Amino acid sequence: MKKVLVIAGVTGVGKSKLGVTMAKLFNGEIISGDSVAVYKELTIGSAKISKDEMEGIPHYGIDILTLDKEHNVRNFQEYARQKIDEIAGRGKLPIIVGGSGLYIRALLYDYVFHSEQPLDISWTETLTNTELHKQLQAADPIQAGIIHENNRKRVIRALSIIRSTHQSKSELLSQQSQSIIYDAKVFACTMPRDILYGRLNQRVELMMMDGLLDEVSLAKSKAGWDHPAMMAIGYKEFKDYFESRISLEEAVALVQRNTRRFAKRQVTWFKHQMPCRWLDMSLESDIESAINEVREWMNH
RNA sequence: GGGGGGAUAGCGAAGUGGCUAAACGCGGUUGACUGUAAAUCAACUCUCCCUGAGUUCGGCGGUUCGAAUCCGUCUCCCCCCA
């Protein structure tokens, strides 16, 4: 199995920097596991790593799409696996850095995504959550038991899977073994809640000073508010501001709150969805021991 | 000095005699997660020995079988007249 180093975890704790450090120490190259930094136009709000910060280490998966395209897990999985092969083929260590849990999990484990045509889901518009859930109950009772009726997007997705693959989501899942396909060393980075929240709040202020508003304005005129990427934190909150429903201060406060909530969700994800070695990034000693562990792991 | 309005859980705000430990919103916490995932969704949020009990609606005192809700009084806040 190919060795892959993964630096996952919470937003704003210094994953990118640690990635570069590891790359320099262990002859690595970096693949971004981030669902927003892929877009060329979204830089400030996505807290994208800058050219300087890369320190000459090759980074893949950043700025590879423009806003007229749409990204998804399947594309990411395909792209990242290919990059892993290329990097490993050159005798270097592939390092995944990012906080999109599903993306990283889908990359490392044997998730199978079938080729699907974009489906027309306009037929769902006239149906209520309950009606849609009833349909799922009939077609895929296992998933119906797992997906809450109010989780409309998931219910529709489960129904769409049946239409496009003629198999239920439960059947597709049962064909996968949930096993990992790489020799992966996975770190999940975090920080004590109070320190983290202070940093995140401040990061948003800095983004504003760096011109986030202009970036959002440009992006929305290019992609429109309905583009999936514009649903990202740091972008969607400004819709109400541009349409004069809230003040700029209110919009900024919302970005901060949503960033905090997001960080919490990331902790929950990595805590329960993937075995990880947790790192408290506020402790120098944790970072040092991580480096030692990687050194150890590289020798096996 | 006179007149009027108001004080409700971390915050905002309903509630005007029993169905109220108290709607709703915000904030917070916990969790779910296989193609929008920085997305989407759920649960909890007075206290405790928590399928039950205890103490709450500015303070004190009363009316009543029963009060956040009625009466008296005190404290604080806001508005108007002087």
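Values reported hereafter were calculated over all heavy atoms of this structure, with side chains retained and with hydrogens, waters and symmetry mates removed. All values reported here derive from a predicted model rather than from experimental measurement. A, B, ... follow the sequence lines: proteins, then strands. Residue 1 opens every chain.
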Could you check if a side-chain atom of A/Arg265 sits within less than 4.5 angstrom of a side-chain atom of A/Phe262, using non-hydrogen atoms only?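 Counting from C-beta outward, A/Arg265 and A/Phe262 do come under 4.5 Å.
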A/Trp269 or A/Met231, whichever maps to the more 5' nucleotide of RNA chain B: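 Final value for this comparison: A/Trp269.
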A/Val112 or A/Arg260: which one's nearest nucleotide on RNA chain B is closer to the 5' end?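 That would be A/Arg260.
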Round to a whole Å and report the spacing from [atom1] of [X] to [atom2] of [N].
X        : N      : atom1 : atom2 : answer
A/Asn151 : B/rA43 : CG    : P     : 12 Å
A/Asp34  : B/rA37 : CG    : P     : 11 Å
A/Lys153 : B/rA42 : NZ    : P     : 13 Å

Establish, for the pair A/Lys220 and A/Tyr235, whether the NZ or CZ atom is under 6.0 angstrom from the six-membered ring centre and no further than 45 degrees off its axis.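 A/Lys220 over A/Tyr235 ring: no.
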Lys/Arg cation over aromatic A/Tyr109: A/Arg105, 6.0 Å, 45° cone: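 Output yes; distance and angle both within limits.
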Kindly point out which of [options] is positioned nearest to the side chain of [X]?
X        : options                : answer
A/Val36  : B/rA38, B/rC41, B/rA39 : B/rA38
A/Lys264 : B/rU30, B/rA32, B/rU36 : B/rU30
A/Lys271 : B/rA38, B/rA37, B/rG31 : B/rG31
A/Arg265 : B/rA39, B/rU29, B/rA37 : B/rA39
A/Gln273 : B/rA38, B/rC33, B/rC41 : B/rC33

Expressed in whole Å, how much space separates the [atom1] atoms belonging to [N] and [M]?
N      : M      : atom1 : answer
B/rC44 : B/rG6  : C1'   : 33 Å
B/rC81 : B/rA14 : C1'   : 32 Å
B/rU45 : B/rC24 : C1'   : 15 Å
B/rC57 : B/rU20 : C1'   : 11 Å
B/rG25 : B/rA32 : P     : 24 Å
B/rG12 : B/rA7  : P     : 11 Å

Can you find a donor-acceptor pair, distance only, under 3.5 Å between A/Arg154 side chain and B/rA39 base?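 Such a pair exists between side chain and base.
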Please confirm whether the shortest side-chain N or O distance from A/His272 to OP1 or OP2 of B/rG31 is below 4.0 Å.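 Yes.
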Kindly indicate, with the supporting measurements, whether the criterion ring-ring contact (aromatic ring centres under 6.0 Å, His included) is fulfilled by A/Tyr79 and A/His71. CA-CA 11 Å; A/Tyr79 177 88; A/His71 197 45; 8.1 Å; no
